[in-house]
Chemist: 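After the structure tokens below, expect a handful of questions from me.
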Amino acid sequence: MKIGFIGLGNMGGPMALNLVKAGHQLSVFDLVPASVQKLTEAGAKAFASPAEVAAQDIDMLVTMLPASAHVRSVYLGENGILSTVKNTVLLIDSSTIDPQTAREVSAAAQKQGNAMVDAPVSGGTGGAQAGTLTFMVGGSEEDFARVKPILENMGKNIVYCGGTGNGQVAKIANNMLLGISMIGTAEAMNLGVSLGMDPKILAGIINTSSGRCWSSEVYNPYPGVVETAPASREYTGGFGADLMLKDLGLATEAAKVAKAPVTLGATAQQLYQTFSNQGQGGLDFSAIIKMLQKA
């Protein structure tokens with residue numbers, strides 16, 4: 001297929017490369033020339049703006065952008081996607097943003113005849129490179145059926161979540177729980193080690209008992225417990241604490257709109273905000289354990 005792709009960062013770049021490897025013709029844009037170069041070297045064609053990409057003869061257009069403000073600007077701005085895109089193009093936004101923005105942008109797209117789905121991802125940069133991402137898709141069932149074969153070139157779990165915006169709902173709910181569970185795991189590991197427990201033995205007990213969770217078993221925050229986890233490489237190469245802070249912010253803001261209590265989510269947000277203010281936002285989010293450890 002002929003596909004436009006806007007946003008070639010740490011996630012978008014590998015995702016776009018997987019589409020090229022699958023045989024699709026890509027038209028791309030990013031603000032960082034080096035990111036664009038990687039795609040053009042792989043066979044993609046570069047353009048000077050989102051509007052230029054959208055104006056091409058394409059079947060679908062994928063965006064992977066940092067935040068809600070960027071999505072609004074790229075789609076709804078004076079020289080945005082909707083100013084030039086043909087109404088036959090199906091739009092896919094894989095950014096992680098708030099559900100309300102996803103629904104507003106989709107409504108604007110549909111008003112001019114463009115089908116649109118929100119399809120945020122889980123799986124990190126490793127999953128983006130390996131093509132094993134999970135896509136959480138919101139939109140009509142008909143549009144989900146159309147985008148699924150394309151998303152399968154970038155991920156292995158393509159999940160239909162319901163109507164427009166529900167992909168974002170699933171993403172922020174999951175990541176709020178992840179942030180909470182990581183803090184709980186960090187507190188438990190730090191407590192046990194402070195009381196004289198060997199961290200590997202403690203983790204082994206937790207992971208075969210009722211405290212078992214992904215944060216402990218797969219991504220343990222204590223160095224040396226899980227050799228493949230960021231904690232064992234000085235908290236590099238994972239999901240940044242500032243990205244977790246962003247997602248927790250999305251969750252708490254969405255909770256205000258829904259008038260749903262998220263007491264632990266809000267507490268987690270404040271803890272990650274403090275951690276970020278200490279200059280640690282670039283570390284993996286599991287590094288939150290550093291706030292608990294003795295100097």
Side-chain angles (χ1 to χ4, degrees), residues 96 120-130 132-136 155-159 161 167-252 254-255 260-275 280 283-294:
T96 295
V121 303
S122 178
T125 54
Q129 292 164 2
T132 58
L133 294 169
T134 292
F135 283 85
M136 294 153 274
K156 68 175 184 178
N157 299 308
I158 318 300
V159 184
C161 299
Q168 301 295 348
V169 172
K171 175 66 185 289
I172 62 174
N174 177 77
N175 277 24
M176 182 182 75
L177 179 57
L178 176 60
I180 293 168
S181 71
M182 181 55 74
I183 292 170
T185 300
E187 288 189 353
M189 290 299 299
N190 183 65
L191 173 63
V193 173
S194 297
L195 292 171
M197 199 70 186
D198 179 280
K200 286 190 175 182
I201 295 175
L202 176 59
I205 293 170
I206 290 172
N207 294 335
T208 55
S209 302
S210 55
R212 179 185 180 188
C213 62
W214 187 88
S215 293
S216 175
E217 186 175 22
V218 178
Y219 217 81
N220 198 285
Y222 205 93
V225 171
V226 177
E227 294 302 326
T228 56
S232 296
R233 52 177 186 268
E234 298 182 351
Y235 302 100
T236 61
F239 183 64
D242 277 346
L243 292 175
M244 174 55 76
L245 176 60
K246 170 203 164 186
D247 288 359
L248 288 167
L250 290 173
T252 55
V262 287
T263 305
L264 293 180
T267 301
Q269 180 189 13
Q270 290 302 308
L271 289 170
Y272 274 101
Q273 183 68 69
T274 300
F275 193 54
Q280 307 294 328
L283 296 177
D284 182 77
F285 79 106
S286 61
I288 193 77
I289 195 172
K290 286 176 169 285
M291 286 181 58
L292 307 172
Q293 293 170 327
K294 296 177 182 177

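The first residue of the sequence shown is numbered 1, and numbering continues consecutively from there.
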Chemist: Of all residues at least two apart in sequence or in a different chain, which pass the side-chain hydrogen bond (donor to acceptor under 3.5 Å, both in side chains) check with T96?
Modeler: K171
Chemist: Please find the pair of heavy atoms, one from A231 and one from N220, that lie closest to each other, and give the distance.
Modeler: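 For A231 and N220, the tightest heavy-atom pair comes out as CB-O, 3.5 Å.
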Chemist: I'd like to know if the side chain of T132 reaches the main chain of G155, judged simply by a donor and an acceptor atom lying under 3.5 Å from each other, with no hydrogens or angles considered.
Modeler: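 Absent.
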Chemist: Rounded to the nearest 0.5 Å, what separates atom CG in L248 from atom CG in N175?
Modeler: 8.0 Å
Chemist: List the atom of P199, the atom of M189, and the distance in Å for their closest heavy-atom pair.
Modeler: O-CE, 3.4 Å
Chemist: Rounded at 0.5 Å granularity, tell me how far OG1 in T125 sits from CG in L133.
Modeler: 9.5 Å
Chemist: Measure the spacing between OG of S194 and CD of E187 and express it to the nearest 0.5 Å.
Modeler: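 So the gap between those two atoms works out to 11.5 Å.
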Chemist: Measuring from atom CD1 of I183 to atom OG of S215, what distance do you get when rounded to the nearest 0.5 angstrom?
Modeler: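 Going from CD1 on I183 over to OG on S215, the span is 9.5 Å.
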Chemist: So which pairs with a foot in residues 204-225 pass salt bridge (Lys or Arg N to Asp or Glu O under 4.0 Å), sequence neighbours left out?
Modeler: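 Salt bridge (Lys or Arg N to Asp or Glu O under 4.0 Å) check on residues 204-225 returns R212-E217.
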Chemist: If we ignore hydrogens and angles and just use 3.5 Å, is the side chain of N190 paired with the main-chain N or O of L292 as donor and acceptor?
Modeler: yes
Chemist: Within the structure provided, determine whether L283 and K290 are in side-chain contact (heavy-atom separation under 4.5 Å).
Modeler: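 Sidechains of K290 and L283: in contact.
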Chemist: Check L202 against A188 and note the closest heavy-atom contact, atom names and distance.
Modeler: CD2-O, 3.8 Å
Chemist: Considering only heavy atoms from C-beta outward, does the side chain of I288 approach that of P221 to under 4.5 Å?
Modeler: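 When only atoms from C-beta onward are counted, P221 and I288 do not touch, as no gap falls below 4.5 Å.
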Chemist: Can any side-chain N or O of D284 pair as donor or acceptor with the backbone N or O of T236 at less than 3.5 Å?
Modeler: no
Chemist: Supply the atom-to-atom distance N207 CG to K200 NZ, rounded to the nearest 0.5 angstrom.
Modeler: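 That separation rounds to 13.0 Å.
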Chemist: Quick one: do L177 and W214 satisfy side chain to side chain contact (heavy atoms under 4.5 Å, CB included)? Show the steps, please.
Modeler: CA-CA 11 Å; L177 179 57; W214 187 88; over 6 Å; no
Chemist: Just verifying a value: how many Å separate M291 CE and Q280 CD, rounded to the nearest 0.5 Å?
Modeler: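 If I round to the nearest 0.5 Å, the distance is 10.0 Å.
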Chemist: Sequence neighbours excluded and cut-off under 3.5 Å, please list the side-chain donor-acceptor pairs for residues 261-272, or say none.
Modeler:
| residue | atom | partner | partner atom | Å |
| --- | --- | --- | --- | --- |
| T267 | OG1 | T263 | O | 3.0 |
| Q269 | OE1 | T252 | OG1 | 3.1 |
| Y272 | OH | F285 | O | 2.9 |

Chemist: Are L178 and Y219 side-chain neighbours, meaning at least one heavy-atom pair lies under 4.5 Å?
Modeler: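 They are not in contact (no side-chain heavy atoms under 4.5 Å apart), so the answer is no.
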Chemist: For residues V225 and A203, report the shortest heavy-atom separation together with the two atoms involved.
Modeler: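 Where V225 meets A203 most closely, the heavy atoms are CG1-CB, 3.5 Å.
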Chemist: What are the two closest non-hydrogen atoms of R233 and G238, and how far apart are they?
Modeler: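 Looking at all heavy atoms of both residues, the closest pair is NH2-N, 4.4 Å.
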Chemist: Can you name the nearest heavy-atom pair linking G224 to S232, along with the distance?
Modeler: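 So the two residues come closest at N-OG, 3.0 Å.
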